[in-house]
Structures are given as C-alpha cells and as structure tokens.
Participant: 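Just passing along the structure, written as structure tokens.
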Amino acid sequence: ENHPNYATSLNNLSGLYFKLGDTNNAIEVTTKAMNIYKQVLGENHPYYATALGNLAKYYAGLRDYSKAVEIGIKAMNIQKQTLGENHPDYAATLYSLANYYNDLGNYSKAVEIGTQAMNIRKKTLGENHPDYANSLSNLAQYYSNLGEYGKAIEIGTQAMNIRKKTLGENH
C-alpha cells in the first residue's frame, strides 16, 4: 500500500468516482494517493502534482472554486519546477486554473493564465493543433466575460478556422 503504482491506481479510481458523481469519495481516494506520493516520492514530484490537480478539479466540481484555485496553484508550481514551462501537463494545469478563476468571476486573471496556456500550446503543438484551438476558444470566452467582445470574436474566429481546417466542417 505504500508503492507509487498503488497510489496511481487510487488516483485513477478517484477519477471514476468523480465521473459517477461521487465527488466526496473521489476526494477521499485522491487524498490517500497524495499521502502515498508525498511519503514515497516527496511533494516535488510530478505524480504528486497530478494528484493535486485532480483534487482541485474535484473541489471545482463541488463549486468550491477558491479551494480549487488554491490547490491548482500548488500543482502548477510543482509542475513548473519539475517539468518546465513548456510541458503539456503544465499547460493543462494552467488551463484548469484559468477556468477556476473564470468560475470565480476573476476574468482578468483567467485571461492572464489562459494566455500563458495558449502560448505554451502554440509553441509546443503548433497553430494547427486542436488543443491550441481549444485554448483560443476558452480565451475567447474569458474575454467575452470581461465584456471585450471584439477581442472575443477575433480569437473565437481564429479557433473556429483552425478547427475547420484540421477537423473539417462536419466535425
């Protein structure tokens, strides 16, 4: 029970609980996984950061966005240190964090962090990748929430054009 692979199984199981709508059980199981990672691998390990990211998502599922932001920032800092600022997992964590800020109504912070995630995806995946288009689409939503509709339309149109080119018009 103190092996990282066991913790990974727990972490995966927590995701299933979350999909079933059992968020409290998901939090409990992820916390067990985090404790194993912390004990065996330390707090500055990517696996620990992944478990933190899952925990943040579960709190967001409970609409506790402040807690999700707090935990998401911890995951982001660990990933930045251990994986670097150009890693896809780091970009995904930024994206999640931007969404939590958006849900809190802090749209300017969502734009700031969403822009970081978008730039990483642009650099690492290229401008014709669906994940880059997703980042643009989310950024457009954040700008719309800020009331910057012209910017939102510009970025949203760019996302649409990428999707049209890469996925086709019937996707």
Participant: Would you say Tyr65 has more than 12 foreign heavy atoms packed within less than 6.0 Å of its OH?
Facilitator: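 It does: Tyr65 OH has more than 12 such atoms within range.
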Participant: With rounding to the nearest 0.5 angstrom, report the CZ to OG1 distance, Phe18 to Thr30.
Facilitator: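 Going from the CZ atom of Phe18 to the OG1 atom of Thr30 covers 10.0 Å.
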Participant: Just verifying a value: how many Å separate Tyr47 OH and Ile36 CD1, rounded to the nearest 0.5 Å?
Facilitator: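 That separation rounds to 14.0 Å.
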Participant: Could you pull out the closest heavy-atom pair between Tyr132 and Lys122, with the gap in Å?
Facilitator: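 Smallest interatomic distance, heavy atoms only, reads CE1-CB, 3.3 Å.
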Participant: Spell out, as yes or no, whether a donor-acceptor pair under 3.5 Å connects the side chain of Ser14 to the backbone of Asn11.
Facilitator: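 Yes, the answer is positive, given that a donor and an acceptor are paired below the 3.5 Å cut-off.
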Participant: Between atom CD1 of Ile78 and atom OG1 of Thr50, what is the distance when rounded to the nearest 0.5 Å?
Facilitator: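 Going from the CD1 atom of Ile78 to the OG1 atom of Thr50 covers 9.5 Å.
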Participant: So, does Asn102 use its side chain to make a donor-acceptor pair with the main chain of Ala98 at under 3.5 Å?
Facilitator: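 Absent.
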Participant: Looking only at non-hydrogen atoms, find the nearest pair between Leu62 and Thr23 and report the distance.
Facilitator: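 Looking at all heavy atoms of both residues, the closest pair is CG-CG2, 3.6 Å.
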Participant: Which atom names give the shortest non-hydrogen contact between Ala75 and Ala49, and what distance separates them?
Facilitator: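 Looks like CB-O, 3.5 Å.
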Participant: Of all heavy-atom pairs between Ser144 and Ala152, which one has the smallest distance, and what is that distance?
Facilitator: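 Closest approach of Ser144 to Ala152, heavy atoms only: N-CB, 3.7 Å.
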Participant: Determine whether a donor-acceptor pair (N or O, by modelled atom type, separation under 3.5 Å) exists between the side chain of Thr8 and the backbone of Pro4.
Facilitator: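 The answer is yes, because a donor-acceptor pair under 3.5 Å joins these two groups.
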Participant: When you compare the side chains of Tyr142 and Asn99, does any donor N or O come within less than 3.5 Å of an acceptor on the partner?
Facilitator: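 Side-chain D/A pair, Tyr142 to Asn99: present.
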Participant: Okay, side chain of Tyr100, backbone of Lys57: is any donor-acceptor separation there less than 3.5 Å?
Facilitator: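 It does hold such a pair.
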Participant: Under 4.5 Å between side-chain heavy atoms, hopping through other hydrophobics if needed: is there a path connecting Val40 to Leu10?
Facilitator: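 Per the 4.5 Å side-chain linkage, Val40 and Leu10 are co-clustered.
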Participant: Is Met34 close to Leu52 at the side-chain level, that is, under 4.5 Å between some pair of heavy atoms?
Facilitator: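 Answer yes - side chains close enough.
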Participant: Does the side chain of Gln141 come under 3.5 Å of the side chain of Asn145 through a donor N or O and an acceptor N or O?
Facilitator: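 Gln141 vs Asn145: donor-acceptor pair found between side chains.
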Participant: Can you find a heavy atom in the side chain of Leu136 that is under 4.5 Å from one in the side chain of Met118?
Facilitator: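 In contact.
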Participant: At what distance, to the nearest 0.5 angstrom, does OH of Tyr95 lie from CG of Asp89?
Facilitator: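 It is 14.5 Å, given to the nearest 0.5 Å.
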Participant: Hey, are the side chains of Val111 and Tyr107 touching, using non-hydrogen atoms and a 4.5 Å cut-off?
Facilitator: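 No, side chains not in contact.
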Participant: Any side-chain to backbone donor/acceptor pair from Asn119 onto Thr115? Under 3.5 Å, distance only.
Facilitator: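 It does hold such a pair.
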Participant: Show your working on side-chain contact (heavy atoms from CB on, under 4.5 Å) between Thr166 and His129 and close with a plain yes or no.
Facilitator: CA-CA 7 Å; Thr166 59; His129 196 281; over 6 Å; no
Participant: What is the minimum heavy-atom distance between Ala117 and Ala91, and which atoms define it?
Facilitator: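 Heavy atoms of Ala117 and Ala91 come nearest at CB-O, 3.7 Å.
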Participant: For Tyr101 and Ser108, does a side-chain donor sit closer than 3.5 Å to a side-chain acceptor?
Facilitator: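 There is no such pair (donor and acceptor under 3.5 Å, judged by atom type) between the side chains of Tyr101 and Ser108.
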Participant: Are the side chains of Gln158 and Glu154 in contact, using a 4.5 Å heavy-atom criterion?
Facilitator: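 A side-chain contact is absent here, since even the closest heavy-atom pair is not under 4.5 Å.
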Participant: First locate atom NZ of Lys80, then atom OH of Tyr90, and finally report the distance between them rounded to the nearest 0.5 Å.
Facilitator: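 It comes to 4.5 Å.
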Participant: How close do Ser66 and Leu104 get, counting heavy atoms only, and between which atoms?
Facilitator: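 Scanning both residues, the minimum pair turns out to be OG-CD2, 3.7 Å.
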Participant: Nearest 0.5 Å, what's the CG-CD1 distance between Leu167 and Ile162?
Facilitator: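 One gets 10.0 Å once the value is rounded to the nearest 0.5 Å.
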